[in-house]
Every structure is written in structure tokens, then in C-alpha cells.
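Okay, so here's the structure we're looking at.
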Amino acid sequence: MGYFTNLDIFWAAAYLLLMVGGAFFFYRLGRRSESDFFLAGRGLPWWLPASSVFSTHTATDTPMWIAGVIYANGLRGLWYTFFTAWTAIGAFVSARIFRRSLAYTQAEWQTQRFGGLGAELLRGWMAGWQVFMNMFILGWVGIAMGKVCALAFGWPVWVGLVLPSVITAFYTLAAGYWGVVMGDFLQGIVAVFAIVIVTLVGLAAAGGPEAVTSNITALGQQWRLDAFAFSGWFTGDFPIAWWLTMLVISVIGGFGMGTSLDWYVEAQRIQSAKSVRDATYGLWAGGAVTLIRNGFWAAGILAFFSMLPHITDAAQYELGWFRMGFELLPVGLVGVFFGAVLAIHLSTISSHMNLGALYFTRDIYQRYLRPEATEKQLVWVGRWSTFALLIGSFFYGLMMQEITRWLIFALWLMMAGIWLPNILQVVWWRFNAWGYLAGWMANLGMSWLVVWILPEFGVLPELPDYLQFWLLMALGAVVFVPVTLLTRPENMDRLVRYYVMTRPLGRWGPVHREAVRRGLLAEAPVQHGAMPSEGRRPLIRRAWTPEQADAWTREDWIAVVLSPLVFAALMLGVTKLLLLQPGGLLLLLGAVGGAGVIYWVIDPKLRAVSIEYEAKQAAYAEQLEQRLRWQEEGGR
Amino acid sequence: MVTMDFVPLPVSTPLHGFFWTWGLPILLFAVTAVATWLLYRHFAGQ
């Protein structure tokens with residue numbers, strides 16, 4: 001309690017009241033329908049999903065683990081946070097495809113892309129997994145908040161777990177996703193303020209950026225100031241092979257759905273945007289701001305390191321950012337800082353409460369229990385399942401320490417083996433439900449074997465994590481590729497319906513030709529080149545017909561190639577500029593210029609896609625609801 | 001089920017005066033409150 005005066009308590013309470021009250025007042029919108037309670041009626045301009053992407057992924061444990069990797073690894077630690085960069089390509093590829101599918105959840109998308117028993121098994125499994133996953137995340141970040149409250153107030157950990165969650169449930173139950181997304185925006189303002197000011201004050205308190213870098217150099221540890229201080233190709237604690245694997249997982253992962261655990265959360269934000277264009281910019285801007293945030297945190301933690309360079313206990317240095325906030329801010333701002341810590345926490349748990357409730361309501365209750373439920377009933381099921389998730393998260397949180405090790409494995413690590421199937425389901429028409437299911441099942445078994453069992457019996461050495469990834473990917477492919485090729489492709493009626501609606505990227509030739517044969521599409525496949533019927537195509541097309549805009553063209557590829565480069569330059573540029581390192585301003589200007597080029601190249605096309613798709617959306621949404629209630633039209 | 005013996009940071013706050021204690025918190029509060037009002041006005045009225 002030593003950090004707080006009465007004035008600080010006043011400010012913390014005032015900000016809490018504003019952020020919770022502001023979100024609560026949207027309850028009139030949230031209660032109107034299922035679509036309002038979970039997607040804000042698909043009516044949001046890009047900056048609201050963007051702020052929600054940022055706020056949801058800024059949790060109380062985020063500054064802890066980022067402080068941990070930066071304190072231990074220097075600026076190399078920034079690359080541990082670069083997994084967020086799946087949004088660089090994801091914004092221009094998977095976000096566009098998913099938004100056009102109109103699926104509420106990834107589980108629902110499975111039954112659009114795949115059909116029959118296999119697809120329903122996938123949907124049921126994914127919905128159940130996500131309900132528990134969100135409950136687990138709520139418990140996980142709740143315990144982190146409990147530790148922060150213990151640091152600040154000396155409270156028992158369970159108080160910090162339970163109290164903020166109950167406050168958040170107040171507006172999440174009432175207003176649903178409308179409350180979540182508005183709360184995220186308000187909480188994002190306060191969080192950004194705190195992240196910026198703590199870094200600047202930390203740098204000033206340490207004597208300024210030059211003092212920070214010269215102190216670290218004087219310690220003989222200037223490698224900490226270089227994000228590219230590799231330890232060799234395969235050796236040491238920061239091998240190039242790890243870095244390249246990280247880039248493949250994150251950057252190439254943007255072509256798939258589910259390649260990052262964040263996908264399941266972002267899918268809801270993508271679908272809540274009012275157009276394809278807003279979905280793209282929302283995901284892109286959310287990812288960009290998150291990486292800029294990492295740059296601020298990294299510079300701040302280096303300042304903390306230069307003041308206290310000899311902490312060996314990870315549990316201590318992980319609290320570096322919180323300690324700078326509580327110890328270096330003046331009376332008054334300490335209260336605002338704690339308000340920001342609450343903001344960071346509330347925005348994360350509100351999203352996961354609503355998302356877990358969405359998977360239960362849409363993919364379990366409405367699909368399998370009561371397909372004919374009314375809108376009012378669905379909103380109430382959403383509220384009750386939010387409440388159940390809240391209670392479940394307390395139990396998870398309180399037994400977290402005993403079960404953490406295997407749960408982290410079960411929920412996180414096993415994502416490696418389904419990375420490739422998650423891309424194939426988007427880009428390869430022939431991949432089918434049984435192949436995808438086989439990928440999941442193979443991965444469940446293989447990851448246990450490779451990570452735990454075989455090393456235990458000495459059959460396999462304990463591999464570094466990047467080699468585990470490649471091995472699990474290869475072992476999985478040995479199973480799911482034959483299963484795919486030995487079972488039948490998905491029903492062509494279903495594939496054509498999905499293709500015409502979402503216009504996916506990749507190898508979809510046979511489906512495209514069938515859609516043309518049925519008269520549903522006008523032209524031959526256009527992947528890279530000119531339309532067959534026109535003369536010379538401009539280098540960068542500025543005027544688009546709907547047919548041209550639906551195809552994937554060189555403009556998309558320019559955005560796809562530039563986007564990850566812009567993200568890396570943003571993150572490194574911000575860090576270097578804050579530390580006044582050479583090249584920081586240049587990198588940042590390059591990133592802004594690159595973003596401008598992407599916008600200039602892709603915006604006319606995204607506008608054309610959005611206008612054209614919007615004309616069809618109402619009819620597509622009606623068909624989606626009919627299929628959800630098992631009123632199939634054609635196909636199986 | 002976290003109290004630690006911290007080595008305190010070797011410096012204290014570099015920020016002093018009315019602006020940091022009252023001015024900036026009021027300014028940020030006002031910005032957030034106006035944002036709330038604008039959002040509600042814009043949205044509350046598939």
C-alpha cells in the first residue's frame with residue numbers, strides 16, 4: 001500500500017468508474033439480437049476492432065513476460081514478441097476471406113468450408129476447446145492481476161483474481177460485445193497513455209537515453225542493444241535458425257486461420273467490422289499498434305535494466321514495468337497508472353468472457369441444442385454462459401499453480417503440429433474435413449511423444465523448440481496428407497458455394513472452373529496477370545470492376561510482401577528512436593512510407609471488394625442463418 | 001498462493017508540480033470522457 005495516497009485512490013476509482021460506466025451504457029445495443037451481443041451487428045468502423053485487437057492483447061501478464069524477455073535477452077527479446085506479426089499478411093488474406101464467410105466463429109467457418117460428419121465433429125470439438133481455452137486464459141491473466149494487486153496493496157492473490165473479474169462481468173453481461181469493444185477503446189486510450197509515460201519517465205530517471213546505452217556498454221553487454229545479436233546458426237541461446245523459424249510461423253501464418261492462438265479472438269473482431277476494408281485495416285492497425293507498444297516497453301525495460309542490472313530472480317525483474325510505474329511517477333499519476341493497469345486487465349478479460357460465451361451460444365447451444373431459439377433467448381444464453389465462464393475461471397485460476405506446466409503444453413505447444421493444416425484449409429481446395437481432423441489427432445499424439453515421452457526414454461534427444469516445430473510439422477504431414485488423398489474431396493456444391501462467397505487465395509482451380517461452368521462467375525481464373533479480354537494492364541490498377549477486385553492480383557502481393565517489413569521496421573524503429581540509436585528515425589520513416597505505399601496500392605481494390613460484397617451480404621447472412629438451423633439448400 | 005524484498009530503484013520521480021499531480025490526470029480523464037460521449041452519440045442512435 002506504500003505507493004498510494006488518497007489522491008491516487010481517487011484517480012484510480014474515477015478512471016475505473018469512467019471505463020466501466022462508459023461500456024455499460026451500450027447495454028441498449030447489446031441486448032437487441034445475437035448479432036449485436038456478439039458482433040456489434042457487424043457495424044464497426046476499422047478503428048474500433050483495431051483498438052480491441054490492441055487492448056485485448058495487452059493483458060496484465062503481457063508487460064511481465066515482455067519485461068522478462070527484454071531484461072534477460074536485451075533487444076533480441078523483441079523477436080519473441082514478433083509472433084503478433086501474423087496480422088501483417090493476415091489482414092490482407094485471411095481477414096478478407098473470413099469476413100466474407102460471415103461466420104461468427106472459426107468453428108462455424110469449419111462447417112462452411114467442410115461438410116458432413118467430419119465438419120460437425122470439427123465444429124463441436126473446436127467450440128468445446130475454445131470455451132475451455134477462454135476460461136483458462138481468464139484464470140491465467142486473473143492470477144497475474146492477483147500478483148500485481150499483492151505488489152501494490154498487499155492483498156491476498158485471490159482478491160485480485162476475483163474482484164476485477166466481477167466488475168468486468170457487470171458490463172460484459174449487460175452489453176455483450178458492444179460493451180467489450182467500447183470498453184476496449186476507452187481502456188486503450190488510458191493504457192497507451194500509461195505505456196508511453198512510464199517509458200519516457202523511466203528513460204529520464206535513468207539519466208536519458210544516452211546514459212542508458214552507455215551504462216549498458218560500460219557493463220560490457222552492448223549485445224543487449226542489438227536486436228540482431230545472433231549466437232550462431234544453430235548454437236547458443238539465440239540461433240539464426242530459431243529466428244527464421246519464428247518468422248515462418250508468424251509471417252507465413254498470416255495465410256491461414258488458427259496459425260496463432262490469437263486468431264480465434266481476432267476472428268470475432270474481423271467479423272464485427274462493417275466491411276471487408278474495415279476488417280483488413282482493423283486487424284492491420286491493431287497488429288501495428290501492438291508492435292509499437294512492444295518497442296516502447298523494450299526501451300523502458302532497458303532503462304530499468306541500466307538502473308538495476310543485477311537482478312537474477314525472474315519473478316522480480318518481470319515486474320520491472322510495474323515497479324517503474326509505481327516508483328517513478330508522482331502522486332496523482334500513480335493513481336492514473338493503477339487505473340491503466342485495471343484498464344489493461346478489464347479489456348482482456350471482457351473479450352475472453354464474451355468470446356467463450358459466443359462459442360457456447362452459437363456453436364453448441366444454437367447449433368446442436370436449440371436451433372430454433374429466438375434472438376431474445378440467445379442473448380440470455382450469452383449472458384448466462386458469460387457468468388458460467390466467470391465462475392469457471394476462478395476455479396482455473398486458483399488451481400493454476402499446480403496445473404500450469406501441463407496445461408501450457410496442452411493448450412499452447414500443441415499448436416505447432418496444426419500450423420500447416422490451418423494454412424492448407426484456406427489455400428488448398430482438395431484438403432478435406434478428414435484430413436484436417438487427422439492433422440489435429442496426429443498432433444495430439446505426436447506432440448506428447450516428441451516433447452515429453454520419447455526424450456524421457458532416451459529415444460529422442462530433447463530438441464530445441466524450433467526443431468520440435470519442424471519435426472511436428474513433418475510428422476503431422478505424414479498422417480494428414482495420405483488421409484486427405486485417400487478420402488473423397490468435399491462435396492462440389494459446398495465448395496462452389498464457399499468459393500463464390502469468400503473468393504479464397506491459393507489452389508482453387510477445379511472449384512473456380514466449376515463455378516464458371518455453372519454461370520456463377522464470369523471469367524477465367526486471374527491470379528497474377530491481366531484480364532484476357534483487355535489490353536495492357538496498368539502497373540498498379542486504380543479503377544476496379546467487381547470481377548477484377550474479387551481476384552487475387554499483384555496489388556495484393558505488393559501489400560503481402562511490404563506489410564511484414566513495415567511491421568518489423570515499426571517495432572525496431574520505435575525502440576531505436578527512443579534510445580536515440582542511429583537508424584531509428586530512418587527505420588520509422590521507412591515504415592510510415594511503406595504503410596503509405598500499401599494504402600495507395602490496395603485501398604482502391606478494397607473499396608471495390610467492399611462495395612460489391614455489401615450488395616450481397618444480406619442474402620448471404622440469411623442463408624447462413626438457415627444453414628445454422630439445419631435448413632440446408634442443396635449439398636449435403 | 002508474492003511479497004518480495006525489492007532493491008529499490010536508485011532514483012525517485014523526476015516529475016514535480018501541479019501539472020503532473022492534477023493537470024495531466026484531469027486532461028486524460030476529460031479526453032476519455034469526451035470519447036465515451038462521442039461514441040455513444042454516434043452508435044446509440046446484420
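Below, chains carry the letters A, B, ... as their sequence lines are ordered, and counting in each starts from 1. Source: prediction; values computed, not measured.
The aromatic rings of Phe29(B) and Trp11(A) sit tilted relative to each other, their planes meeting at an angle between 30° and 60°. Ring orientation note: the planes of Tyr40(B) and Phe25(A) are nearly perpendicular, at an angle over 60° on the 30°/60° scale.
Considering CG of Leu18(A) and CG of Leu28(B), their distance stands at 9.0 Å, rounded to 0.5 Å. Rounded to the nearest 0.5 Å, atoms CZ (Phe26(A)) and CG (Leu39(B)) are 5.0 Å apart. The CG atom of Leu9(B) lies 8.0 Å from the CE atom of Met324(A); values are rounded to the nearest 0.5 Å.
Checking each of Leu333(A), Leu200(A), Val331(A) against Leu15(B) for a side chain to side chain contact (heavy atoms under 4.5 Å, CB included) leaves exactly one that passes, namely Leu333(A).
Top candidate by heavy-atom pairs under 4.5 Å with chain B, chosen from Leu186(A), Val201(A), Leu44(A), is Leu186(A). When each of Pro25(B), Pro14(B), Gly17(B) is checked for heavy-atom pairs under 4.5 Å with chain A, Pro25(B) comes out on top.
Contact of Pro10(B) with chain A is made through the side chain alone, with heavy-atom distances under 4.5 Å. Neither the backbone nor the side chain of Trp37(B) comes within less than 4.5 Å of any heavy atom in chain A. Contact annotation for Leu48(A): only side-chain heavy atoms (C-beta onward) come within less than 4.5 Å of a heavy atom of chain B. When heavy atoms are compared at a cutoff of 4.5 Å, Ile197(A) approaches chain B solely by way of its side chain, counted from C-beta outward. Of the two parts of Ala206(A), neither the backbone nor the side chain holds a non-hydrogen atom closer than 4.5 Å to a non-hydrogen atom of chain B. Using a 4.5 Å cut-off between heavy atoms, Leu7(A) contacts chain B through its side chain alone, with no backbone atom that close. With a 4.5 angstrom heavy-atom cutoff, Ser12(B) touches chain A only via backbone atoms. Residue contact with chain B, scored on non-hydrogen atoms closer than 4.5 Å, involves the backbone and the side chain of Tyr15(A) alike.
Here the closest heavy-atom approach between residue Ala35(B) and residue Ile189(A) is recorded as CB-CD1, 3.9 Å.
Side-chain contact check for Phe43(B) versus Pro45(A): some heavy-atom pair is nearer than 4.5 Å.
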Q: Applying side-chain contact (heavy atoms from CB on, under 4.5 Å), run through Trp20(B) and Leu329(A) and close with a yes or a no.
A: CA-CA 9 Å; Trp20(B) 301 105; Leu329(A) 290 177; over 6 Å; no
